[in-house]
Amino acid sequence: MTSALIQTADGAFTAHFSDSGLAGLDFPTGETVSRTATKELSAQWSSWLRLTGRALEQALAGKTPDRLPPLDLSSGTVFQRRVWNALRKIPSGQTKSYAQVAQSIDRPGAVRAVGQACGANPIPVVIPCHRVLAAGGKLGGFSSGLDWKRKLLTREGTIPEPD
DNA sequence: AGTTCGGACCGTT
DNA sequence: AACGGTCCGAACT
């Protein structure tokens, strides 16, 4: 497992890689993060890092990444992975409510649990947890800050309701 | 139209 | 046993 910084116009994201792929992505924070120098990364990791960087840039621009590194979602429970998979099927420019996501994975009653699972998403932006809104088009929550949620949605052409 | 409240729902710690 | 990135209906303002 290693971590590396990805510079973007929106700040420095931190990507975490396991042996099987991209395992985590952190929003920019002020803190300095321990990282492995890019030149020391294995060929595999630096290749994934490039793919992640490209994908992230595109996603931040509101586009759908044309290619992704392999994702390592093994940290999640079965239920969570099911939710995350459902999230990946929401195209840019579209949104779903927590209830709709719950239905799409055949657990109509697990609305709140879906919310939890979204919050546990290890790879935000790339796995578009921001495209899930509360009922009635209201913004709902976002663990890493509603500003991000608004910003991402706006770039995708989705006009978020004021509140 | 907007708000507040209460209960029901389900996976996770 | 308690907590959520929820939802819905009821009862208010």
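Just so it is clear, the structure is predicted and the values come from calculations on it, not from any experiment. Sequence lines set the chain letters: A, B, ... in the order given, protein chains first and strands last, and positions in each chain run from 1.
Residue-level contact check: A:V114 touches neither bases nor backbone, having no heavy atom under 4.0 Å from any strand. The residue A:F142 sits close to a base: some heavy atom pair falls under 4.0 Å. As judged by a 4.0 angstrom heavy-atom cut-off over every strand, A:A110 is placed among residues touching the sugar-phosphate backbone only. Residue contacts shown for A:G109 are limited to sugar-phosphate atoms, with no base heavy atom under 4.0 Å away.
In this structure, the nucleotide among B:dC9, C:dG5, B:dT12 sitting nearest to the side chain of A:S143 is C:dG5. Nearest nucleotide to the A:C129 side chain, out of C:dG4, B:dT12, C:dG5: C:dG5. The A:Q116 side chain lies nearest to B:dT12 when the options are C:dC7, C:dG5, B:dT12. When the nucleotides C:dG5, B:dG11, C:dC7 are ranked by their closest atom to the side chain of A:C118, C:dG5 comes out on top. Side-chain proximity of A:T77 to C:dG5, B:dC9, B:dG11: nearest is B:dG11. Closest to the side chain of A:A134, out of C:dC7, C:dG5, C:dG4, is C:dC7.
Rounded to whole Å, the distance from CG on A:N121 to P on C:dG5 is 13 Å. Atom CD in A:Q100 sits roughly 20 Å away from atom P in C:dG5 (whole-Å rounding). Atom pair A:Q103:CD and C:dC7:P shows a separation of 11 Å (rounding to whole Å applied). As a whole-Å value, the separation of A:K138 NZ from C:dG5 P is 17 Å. Note: CZ (A:R112) to P (C:dC8) measures 13 Å, nearest angstrom. For the pair A:I105 CD1 and C:dT6 C1', the computed distance is 14 Å after rounding to whole Å. Summarising the geometry, the separation between CD on A:Q80 and P on C:dG5 is reported as 12 Å, rounded to the nearest angstrom. Rounded to an integer number of Å, the gap from A:K96 NZ to C:dC7 C1' is 17 Å.
Defined by atom type and a distance below 3.5 Å, a donor-acceptor pair is missing between the side-chain atoms of A:H16 and A:D72.
The CD1 atom of A:I127 lies 9.5 Å from the CG atom of A:L25; values are rounded to the nearest 0.5 Å.
In A:D106, the CG atom is not crowded: 12 or fewer heavy atoms of neighbouring residues, nucleotides or ligands sit closer than 6.0 Å.
For B:dC10, the OP1/OP2 oxygens have no side-chain nitrogen or oxygen of A:R107 closer than 4.0 Å.
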Checking ring pair (Phe, Tyr, Trp, His ring centres under 6.0 Å) for the pair A:W148/A:F142: CA distance, chi angles, key distance, verdict?
CA-CA 8 Å; A:W148 276 110; A:F142 202 67; 8.6 Å; no
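Salt-bridge formation is detected for the pair A:R131/A:E156: a Lys NZ or Arg NE/NH1/NH2 atom is positioned less than 4.0 Å from an Asp or Glu carboxylate oxygen.
Nucleotide C:dG9 is matched to B:dC5 when pairs are restricted to Watson-Crick or G-U wobble geometry with both distances under 3.5 angstrom.
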